Amino acid sequence: MKRILFLLWAAFVVNVIAQETPAPEVTVIRAGTLIDGKADQPRRHQVIVIRGNRIESVSDAANARIPAGATDIDLSGQTVLPGLTDSHTHIFLQGEDPAHGGYDANILTAPLALRAARATVSARRALEQGFTTLRDVETEGAGYGDIGIKQAIEGGYIPGPRLFVATRAISTTGGYMLEGYAPELQMPKGAQIADGPVEARKAAREQLDHGADWIKVYMTHRSWVGKNGELVAQPTLTVEELRAIVDETHGWGKKVACHAYSGIGLHRALDGGCDSIEHGLDLDDAAIAQMLKQGTWYVPTLAVYYTDWAAPDTPEGKRDRLRASVHEVSFKKALKANVKIVFGTDMGGIPWTEPIAQEFSRMVEFGMQPMDAIQAATSRAAVMLDMEGKIGVVAPGAFADIIAVKGDPLQDIKQLEHVQWVMKDGQVFRGN
Ligand SMILES: [Zn+2]
């Protein structure tokens, strides 16, 4: 009798558990062509099985086992790829068009709630365009707002990509906007200002304490055309200041992204141990050799240097054109040398109304193979973000961050500007 009662009780418990935790939903995607983010060749007619928010299997349609009761999604006329990663964005920045007050208007006239509302729209736009992950490299004076937006996305309150955020960023006195105002005025700054290794380490500690996933450092600031027609960039932090930040950040198991254009500041960035060089407009041979030796990532952000050029006959206009031309040479050199190049745009510097994927066209125009450019925005970005195998790949065990485009992006990279279908974390965000 006792045994029967126990069995009845056990059956009841199992039943309750089964009712309380329903089996994860199963979805099946039929992909006409699959670019999986890692393999060098696409595969035709693949079946992707998703259980909950994870990819369970990827197999040839001919011998795929379709689980009973699975939701069927037919993308057999499309090219399926992993969700894309933009590793250099600013969701709190809304363009720097001089006609709209330039950079300063973002900080001087917009209430913080307006900036948060617009950041919410930026995040949504990124996801709509197939960018399921962003590394957002500082809020430009909006403090720790990125932490809040990340919480809102993770809490399911607003749609948006997976965010890796850098919070406030760090530069030195004389090393960041706002500037050019009367010296008597205490102007707000778009980054946290720190001078000396003690202050620099403290700034990093504060930002890490408040949840920064990465630390962003400005290693150069102003730039101009030098006496011999070369691009000159004003260096900011010393090697000692940067080393304090890198040492602190690495101790927390996090990485440091360094904005660096050229010359002294770029070399200090490398000597100080930056994990990624942002922009890297003028990479000399020594810089490239050091990047290879140290395994430094390169996030070039090409497209943004073709926006908002000043008039050609002005010093700023000449500088703007020089920046773009030396950048092209640097990118080609880095590509040839096999530097680890990762896709990044500086969206925010580019208005969020523009296509994020425009950066792909520049990369391909400057000699990168389309598959290589796609991997720069998928599996390679995942490695930089310590998310290898979890994002940037359509393979068993990865999060189900998947997109689809019409046509063949390997033939025409511009197809990636027209993403038609988006799934993040197993949920369809944008249908056909
Ligand atoms: Zn930037």
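Just the heavy atoms: all of them, side chains too, but no hydrogens, waters or symmetry mates, feed the values below. Note that the coordinates shown come from a computational prediction; the quantities given were computed from them, not determined experimentally. Order of appearance sets the numbers: ligands from 1, and atoms from 1 within every ligand.
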Once the angle between the rings of [X] and [Y] is folded into 0 to 90°, is it parallel (under 30°), tilted (30 to 60°) or perpendicular (over 60°)?
| X | Y | value |
| --- | --- | --- |
| Tyr103 | Tyr176 | perpendicular |
| Tyr305 | His327 | perpendicular |
| Tyr306 | Phe366 | tilted |

[X] near the Zn ion (ligand 1): N/O/S under 2.8 Å:
| X | result |
| --- | --- |
| His90 | yes |
| Glu138 | no |
| His88 | yes |

Of all the N, O or S atoms in Asp346, which has the shortest distance to the Zn ion (ligand 1)?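 Result for Asp346 and the Zn ion (ligand 1): OD1.
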Are any of the side-chain nitrogens in Asp372 or Arg380 under 4.0 Å away from the carboxylate oxygens of its partner?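 So Asp372 pairs with Arg380 through a salt bridge.
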